[in-house]
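To start, the structure under review is shown below, and the notes come after it.
Just so you know, ligand 1 is whichever comes first in the structure, and atom 1 is the first atom listed for that ligand. These numbers come from the heavy atoms of this one structure, side chains and all, not from hydrogens, waters or symmetry mates.
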Amino acid sequence: MKDTIGGKSIILRVELQTEAVHFGQLITVITENGGDVIAIDVIQTGPNWTVRDITVTASEQIQLEAVTGAIKLLQGVKLVHVSDRTFLLHLGGKIEMKPKVPIQNRDDLSRVYTPDVARVCMAIHEKQENAYKLTIKRNTVAVVSDGSAVLGLGNIGPYAAMPVMEGKAMLFKQLADVDAFPICLDTQNTEEIITTIKNLAPAFGGINLEDISSPRCFEIEERLREELDIPVFHDDQHGTAVVLYAGLINALKVVGKSIHEAKVVVCGIGAAGIACSNILLAAGVKELIGVDREGALVSSTSYNNPMWNWYAERTNPNRLTGSLHEIIEGADVFIGLSSGGVLKRGDVERMAPRPIVFVMANPTPEIHPDEIEDIAGVIATGRSDFPNQINNVLCFPGIFRAALDCQATTINEEMKLAASAAIASVVAPQELNKLYIIPSVFNQEVVRRIRTGVIEAAIRTGVARRMPREFRSGGSI
Ligand SMILES: NC(=O)C1=CN([C@@H]2O[C@H](COP(=O)(O)OP(=O)(O)OC[C@H]3O[C@@H](n4cnc5c(N)ncnc54)[C@H](O)[C@@H]3O)[C@@H](O)[C@H]2O)C=CC1
Ligand SMILES: CC(=O)C(=O)O
Ligand SMILES: [Mg+2]
């Protein structure tokens, strides 16, 4: 375990010379530096020494650094190592595969494996749809990344992307009972990614593309959608857009503004920024301006990125030019899908009264919510440690639950809009306020309502291959 502090909770292994220092002195040093001791375990003791594990939490990481620094200076105390609890949780990975039935004797063995399994293989060979009945396909999604745009960390590669994909797989299972498998590909070549995913598809009922950078993500998704008969869903685009729209529906109610009249600035015109802009245009936003590193995207400029040319044609009706700090003047809504620290308090001060500020970059938002709490109408982030978490985790478990249950061939626009409406509806009108525009990911109504709305939309638009029992009014499809 590396001796680094990555979270707000650490375990300190300390060796104390009991004649030189009292345990109470150590605890005092920890608390004086802002740490809270939440657990103490005795690991070993000798005649005049003791080794203990002390679990310490703090509200800020800097306090944990102060705690470890101060302990190192204490006479009679040796800091053996510091374990970050987040790293401990990741030891050996976060998920595992488990058989559904035990194999206890030769009879079981011959049925789950050869010879009897051969009859099941032949049943699928004779009728391929039987794969949905007789294999994991009906409930399994591949979470596929190439590691090129991992959270806001950038191109950190397939090995480093795995913890995020494992996390997504856990969330699929816990929130919607979908079995998801993390797959990080050691290629960033568009054709190789497409070919690999096509070759993997037989085992899966859906493909969740994750953290693949733009503009490659657009072609990869489009080609796979054309060439596969299972849903292919780039979560950073569509999952984010679904949740953003749900949050915006409710945030606009809180500040009493209309989507048709709002000036909306989107910062970060990548995978998520483009998809969110598309859903906002479809929802009736008229004054939408996209800003990236080079400033506002405007149709009079020609960009190397073909998506930006396409984007600029459809947005920025007043052809505004300039930096984010200029463009944000008078805006009603800021949507950040770029990187940490891009937005300044002064920018928010120049927005229209009661501005909506969605700073969704992960793990560090475009501005820390505390900096603008007093001047913003509604604030949301992508993180779970602030109120109003606008994160695609509210969408992907439920939308895939629905798609798998009705064996949808695709996830179309109607299904996405149904998912947004379902999420927004979980917050009842009497509950709605600036700190509660979007339900918690742990609210079980989220997946339930998304599932119902999305299956209805899939049936209505003719992409469902199976009618779940509760949707049948006579016979299945
Ligand atoms: N809350 C959520 O559910 C989600 C959050 N995100 C976050 O959004 C961000 C972008 O993700 P993707 O669209 O997948 O990545 P991407 O790599 O496709 O796009 C990022 C875009 O932001 C731009 N950008 C970066 N720094 C900038 C700056 N200082 N000023 C202006 N533009 C800047 C880049 O040039 C690029 O066009 C990441 O931080 C990611 O974690 C992404 C998906 C979901
Ligand atoms: C939440 C997510 O998918 C991202 O930040 O990339
Ligand atoms: Mg992502």
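Here the two rings, on F172 and F396, have centers that are under 6.0 Å apart. The aromatic ring centres of F334 and F358 sit 6.0 Å or more apart.
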| task | Start with the C-alpha distance between R466 and Y132, add both sets of side-chain angles, then the distance that settles side chain to side chain donor-acceptor pair (under 3.5 Å), and finish with yes or no. | result | CA-CA 11 Å; R466 173 180 175 272; Y132 278 102; over 6 Å; no
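By the salt bridge (Lys or Arg N to Asp or Glu O under 4.0 Å) test, K263 is found to be paired with no residue, residues two or more places apart in sequence or in another chain being considered.
In the displayed structure, F218 atom CZ is contacted under 6.0 Å by more than 12 heavy atoms of other residues, nucleotides or ligands.
With 3.5 Å as the limit, one finds no donor-acceptor pair spanning the side chains of T140 and D179. Of the N and O atoms on the side chains of N278 and Q237, not one donor lies less than 3.5 Å from an acceptor on the other residue. Between the side chains of N208 and E210, a donor-acceptor pair is found at a separation under 3.5 Å.
Counting all heavy atoms, side chain and backbone alike, E313 lies closest to S299 at OE2-CB, 3.9 Å. Considering every non-hydrogen atom in both G247 and I390, the closest pair reads CA-CD1, 4.0 Å.
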Can you list every pair where an N/O of ligand 2 is under 3.5 Å from an N/O on the protein?
unit_1, atom_1, unit_2, atom_2, d
ligand 2, 3 (O), K168, NZ, 2.9
ligand 2, 3 (O), E210, OE2, 3.0
ligand 2, 3 (O), D236, OD1, 3.1
ligand 2, 3 (O), N392, OD1, 3.4
ligand 2, 3 (O), N392, ND2, 3.0
ligand 2, 5 (O), N362, ND2, 2.8
ligand 2, 6 (O), D211, OD1, 3.0
ligand 2, 6 (O), D236, OD1, 2.9

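Inter-residue side-chain proximity for L185 and V144 is flagged as met; some heavy-atom pair is nearer than 4.5 Å.
Protein residues are said to neighbour a ligand when one of their heavy atoms lies under 4.0 Å from it; for ligand 1 these are A149, L151, G152, S214, D236, T240, C267, G268, I269, G270, A271, A272, D292, R293, L337, S338, S339, V342, M360, A361, N362, G382, I390, N391, N392.
In this structure a side-chain-to-backbone donor-acceptor pair under 3.5 Å is missing from D229 to T409.
Distance OG1/T195 to CD/E227: 8.5 Å, rounded to 0.5 Å.
Protein N/O/S atoms closer than 2.8 Å to the Mg ion (ligand 3): E210 OE2, D211 OD1, D236 OD1.
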